[in-house]
Number of protein chains: 2
Amino acid sequence: MVMNQQDLDLTFGALADATRRGMLVQLSQGESNVSALAEPYNISQPAISKHLRVLEKAGLIERRRQGREQIVRVKPERAAAAADWLAYYTQFWKQQFDAVENYLKNVKKQKKK
Amino acid sequence: MVMNQQDLDLTFGALADATRRGMLVQLSQGESNVSALAEPYNISQPAISKHLRVLEKAGLIERRRQGREQIVRVKPERAAAAADWLAYYTQFWKQQFDAVENYLKNVKKQKKK
DNA sequence: TTAAAACATAACCAAATGGTTATGAATCAA
DNA sequence: TTGATTCATAACCATTTGGTTATGTTTTAA
């Protein structure tokens, strides 16, 4: 999946909150309705709704109605794409870091001489 | 590296902005001073300073003084840990997604009968 | 039929975010 | 020595964010 800048904004933004990450972790165990998802957190029900909306706008979850319940399930594509993005650049950052480390080490050696 | 919730908040939060991601991408090519980093963006210099501060607080970059210049370089550990976190759960989200897909497919088949 | 359950939505609030202009400090170059 | 360069910091502003309470809607269960 190709992620544009806005997708990355929304995805990383959604992941930048412990409550929302907790919900995603919970959903890795299986589908859930909203009440069950809310249970571990002692914030109000509307606050939970807002978090779910953020996750939905980021494309990280999907909802379907089942009677009066709302069944939430995870949608892994965006998260996978964000993980790929991060892994891709991490590789270069590591290379860059090592290169600079070696350079600084050499400079130190030169000074000792 | 073990990431606590606050580290993940800061790291994903820092990544949730296109300007900051652009800076990190730029830094994957090598160290840079602040002016060179700022060049592609037409926002004010203090705005650049703020973005750098966010990246620094998240532990994604490091700075050192060199005369009147500030040399910025990337620090890959946090990004790597965040990438690991994402990759780890993505695996379960994919499993979960596939399981639900199969379940829903079976339900459809049953209905056809 | 009526009360409870499971949500969404609206209105509001404080704090955080991303931007600005103005200003100042340190360093370098002429 | 003085002016330009390279930055940081302070003060301010509008918007976003994460929370709240109040209220309404739909569905289920008694």
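Every chain is numbered from 1 and lettered A, B, ... according to where its sequence line falls, protein lines coming before strand lines. Note that this is a predicted model, so its numbers are computed, not measured.
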- Query: What does S35(B) touch in the nucleic acid at a heavy-atom separation under 4.0 angstrom: a base, only the sugar-phosphate, or nothing?
  - Reply: sugar-phosphate

- Message: Between R68(A) and dA4(C), is there a contact of a side-chain N or O with OP1 or OP2 at under 4.0 Å?
- Response: no

- Message: Side chains of M23(B) and I48(B), heavy atoms from C-beta outward: is any pair under 4.5 Å?
- Response: yes

- Taking dG18(C), dC7(C), dG18(D) as options, the one with an atom nearest any side-chain atom of D17(B) is dG18(C)

- Message: What's the closest nucleotide to the side chain of V34(A) if the choices are dC7(D), dA8(D), dC7(C)?
- Response: dC7(C)

- Task: Tell me, yes or no, whether the heavy-atom count around Y41(B) atom OH, taken from other residues, nucleotides or ligands under 6.0 Å, exceeds 12.
- Result: yes

- Note on the structure: L37(B) CG to dT5(D) C1', in whole Å, measures 17 Å

- Message: Quick check for you: among dG19(D), dA8(C), dT5(D), whose closest atom lies nearest to any side-chain atom of R65(A)?
- Response: dA8(C)

- Message: Would you say that W85(A) contacts R21(B) through its side chain, given a criterion of any heavy-atom pair below 4.5 Å between the two side chains?
- Response: yes

- Item | Crowding at CD, E77(A) (>12 non-hydrogen neighbours, <6.0 Å) | no

- Message: In this structure, how many angstroms lie between the C1' atom of dA8(C) and the CD atom of E56(A), rounded?
- Response: 12 Å

- Note on the structure: Winner on side-chain proximity to A47(A), out of dA8(C), dT20(C), dT20(D), is dT20(D)

- Taking R73(A) for its side chain and R64(A) for its backbone only, find out whether a donor-acceptor pair lies under 3.5 Å. no

- Task: Could you state the atom-to-atom distance from CZ of R64(B) to P of dA8(D) in whole Å?
- Result: 15 Å

- Which whole-number value in Å describes the distance from L52(A) CG to dA6(C) P? 15 Å

- Write down the distance between CD (E69(B)) and P (dA4(D)), rounded to a whole number of angstrom. 19 Å

- Between dT16(D) atom C1' and D9(A) atom CG, what is the distance in whole Å? 13 Å

- Residue K50(A), side-chain heavy atoms: nucleotide from dC7(D), dG18(D), dT27(C) that is nearest: dG18(D)

- Message: Rounding to an integer number of Å, can you tell me how far R63(B) CZ sits from dA8(D) C1'?
- Response: 9 Å

- Task: Give a yes/no answer on whether the side chain of H51(B) brings an N or O atom under 4.0 Å of OP1 or OP2 in dT17(C).
- Result: no

- Please state how far atom CD1 in I71(B) lies from atom P in dA26(C), giving the value in whole angstrom units. 19 Å

- Message: Can you tell me if S44(B) touches the phosphate of dG19(C), counting only side-chain N or O atoms and a distance under 4.0 Å to OP1 or OP2?
- Response: no

- Query: If you find the nucleotide of DNA chain D closest to A16(A) and the one closest to Q66(A), which residue's nucleotide is nearer the 5' end?
  - Reply: A16(A)

- Short side-chain N/O contact from Q45(B) to OP1 or OP2 of dT6(D), under 4.0 Å: no

